[in-house]
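Position 1 is the first residue of the sequence; numbering continues from there. Keep in mind that this is a model prediction, so the values were computed, not measured.
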Amino acid sequence: TIDISENKKIVITPWKVKTILGVLLGGDPLQLPDQDIMSDALADLAIELDLPPKSDITASRLIEEIKNRPKDWTTVRYFIMVIINKMLLPSTGLYIRPKDAWIGSDLNKVARINWSKAVFDALCDSVVLWHKNKTGPRPQTYIRCCVAFLVISIPYLPNHSISNDALIF
């Protein structure tokens, strides 16, 4: 359950995320290392792509690499980075983040992650932040989360209702 405020809740669980997106339920929690380690993974990715280590890398660049490379584990890693960046744990930016590069750098790590919980936690953090920042001098007008989950889940989950106090699925 996402507690937005004292009287506002969104009843979504990791199990519901799994049901809607078909991602894994169970496994290790997504625990990110220090920013330096993730930045090193992004620099390694840039070098792999024959770019300077501090280069900005777009998802489009990785998609082009996927199209032009032989099908191997590297293309799978690039695909994972794009999916994380654009769908599962999206950002509002154009570039692959250090987090995306670090997660996608090791397919065994990707396979161990509890993706239902990771998407759920990101959704919780984003909704709570949006609610907190929706008023004020610079209101936040977006919720940065797995939009695919939100779009697909609302009409198809049983017993969904919307009230002033809660959004319950």
Side-chain angles (χ1 to χ4, degrees), residues 2 10 12-133 138-153:
I2 303 171
I10 299 176
I12 297 174
T13 64
W15 181 84
K16 288 180 181 174
V17 172
K18 178 225 176 281
T19 302
I20 296 297
L21 294 180
V23 293
L24 298 176
L25 179 62
D28 296 339
L30 176 58
Q31 295 178 323
L32 301 174
D34 292 334
Q35 185 64 34
D36 291 345
I37 293 170
M38 293 188 296
S39 293
D40 288 346
L42 185 59
D44 291 345
L45 175 62
I47 291 166
E48 228 178 271
L49 297 170
D50 294 324
L51 298 170
K54 299 270 185 201
S55 296
D56 290 328
I57 303 166
T58 63
S60 298
R61 171 64 192 264
L62 291 181
I63 291 168
E64 282 304 310
E65 288 291 326
I66 292 167
K67 289 178 184 176
N68 296 325
R69 293 176 68 98
K71 305 305 178 225
D72 61 7
W73 292 113
T74 302
T75 58
V76 174
R77 287 183 30 249
Y78 294 169
F79 177 75
I80 294 293
M81 291 176 202
V82 170
I83 291 297
I84 292 167
N85 181 268
K86 296 298 178 192
M87 187 180 153
L88 293 177
L89 306 173
S91 73
T92 56
L94 297 174
Y95 303 111
I96 298 296
R97 298 163 297 183
K99 169 172 64 175
D100 308 326
W102 179 78
I103 295 170
S105 68
D106 178 359
L107 293 176
N108 290 322
K109 175 179 23 194
V110 171
R112 287 190 308 266
I113 293 173
N114 180 343
W115 284 105
S116 296
K117 181 83 166 93
V119 170
F120 173 78
D121 289 345
L123 179 64
C124 289
D125 293 345
S126 190
V127 167
V128 168
L129 183 66
W130 170 79
H131 185 73
K132 192 183 330 180
N133 296 332
R138 294 184 64 205
Q140 185 172 332
T141 58
Y142 57 87
I143 297 175
R144 185 179 69 200
C145 66
C146 184
V147 176
F149 173 76
L150 292 179
V151 169
I152 294 170
S153 66

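- Ion pairing between Glu64 and Lys67 holds under the 4.0 Å rule for side-chain N and carboxylate O.
- Trp102 contributes no side-chain N or O that, together with a main-chain N or O of Gln35, makes up a donor-acceptor pair within less than 3.5 Å.
- The shortest side-chain heavy-atom distance between Lys117 and Pro29 does not fall under the 4.5 Å cut-off.
- Not one N or O on the side chain of Asp40 forms a donor-acceptor pair closer than 3.5 Å with the backbone of Ala43.
- Annotation for Lys71: atom NZ counts as buried by contact number, over 12 foreign heavy atoms lying within 6.0 Å.
- Annotation: the span from Leu88 atom CG to Leu123 atom CG amounts to 12.5 Å, rounded to 0.5 Å.
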Legend entry - Residues Met81, Ile84; criterion side chain to side chain contact (heavy atoms under 4.5 Å, CB included); working and verdict: CA-CA 5 Å; Met81 291 176 202; Ile84 292 167; 5.9 Å; no
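- Results of the side chain to side chain contact (heavy atoms under 4.5 Å, CB included) test with Leu89 over Leu30, Asp100, Asp121 single out Leu30 as the only residue that passes.
- The closest donor-acceptor contact from the side chain of Ser39 to the backbone of Asp36 lies at 3.5 Å or more, if one exists at all.
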Inset, instruction - In sequence, state the C-alpha distance, the side-chain angles, and the governing distance for Glu48 and Glu65, and then conclude on side chain to side chain contact (heavy atoms under 4.5 Å, CB included). - result: CA-CA 11 Å; Glu48 228 178 271; Glu65 288 291 326; over 6 Å; no
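- Distance check: Ile113 CD1 to Asn108 CG gives 11.0 Å after rounding to the nearest 0.5 Å.
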Legend entry - Step-by-step side chain to side chain contact (heavy atoms under 4.5 Å, CB included) determination, Ile80 to Ile83: CA-CA 5 Å; Ile80 294 293; Ile83 291 297; 5.7 Å; no
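- In this structure, the separation between CG on Leu45 and CZ on Arg77 is 7.0 Å, given to the nearest 0.5 Å.
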Inset, instruction - Go through the steps to decide whether Ile103 and Leu32 satisfy the test side chain to side chain contact (heavy atoms under 4.5 Å, CB included), and finish with yes or no. - result: CA-CA 8 Å; Ile103 295 170; Leu32 301 174; 4.2 Å; yes
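- Looking at heavy atoms from C-beta onward, Val110 lies in side-chain contact with Trp115 at the 4.5 angstrom threshold.
- Side-chain contact between Phe120 and Asn114: absent, with no pair of heavy atoms (C-beta onward) separated by less than 4.5 Å.
- Distance check: Leu62 CG to Ile96 CD1 gives 4.5 Å after rounding to the nearest 0.5 Å.
- Shortest non-hydrogen contact noted between Ala46 and Pro52 is CB-O, 3.3 Å.
- Thr75 OG1 to Ile63 CD1: the interatomic distance, rounded to the nearest 0.5 Å, is 13.0 Å.
- Distance check, rounded to the nearest 0.5 Å: CG of Leu94 to CD1 of Ile57 gives 13.5 Å.
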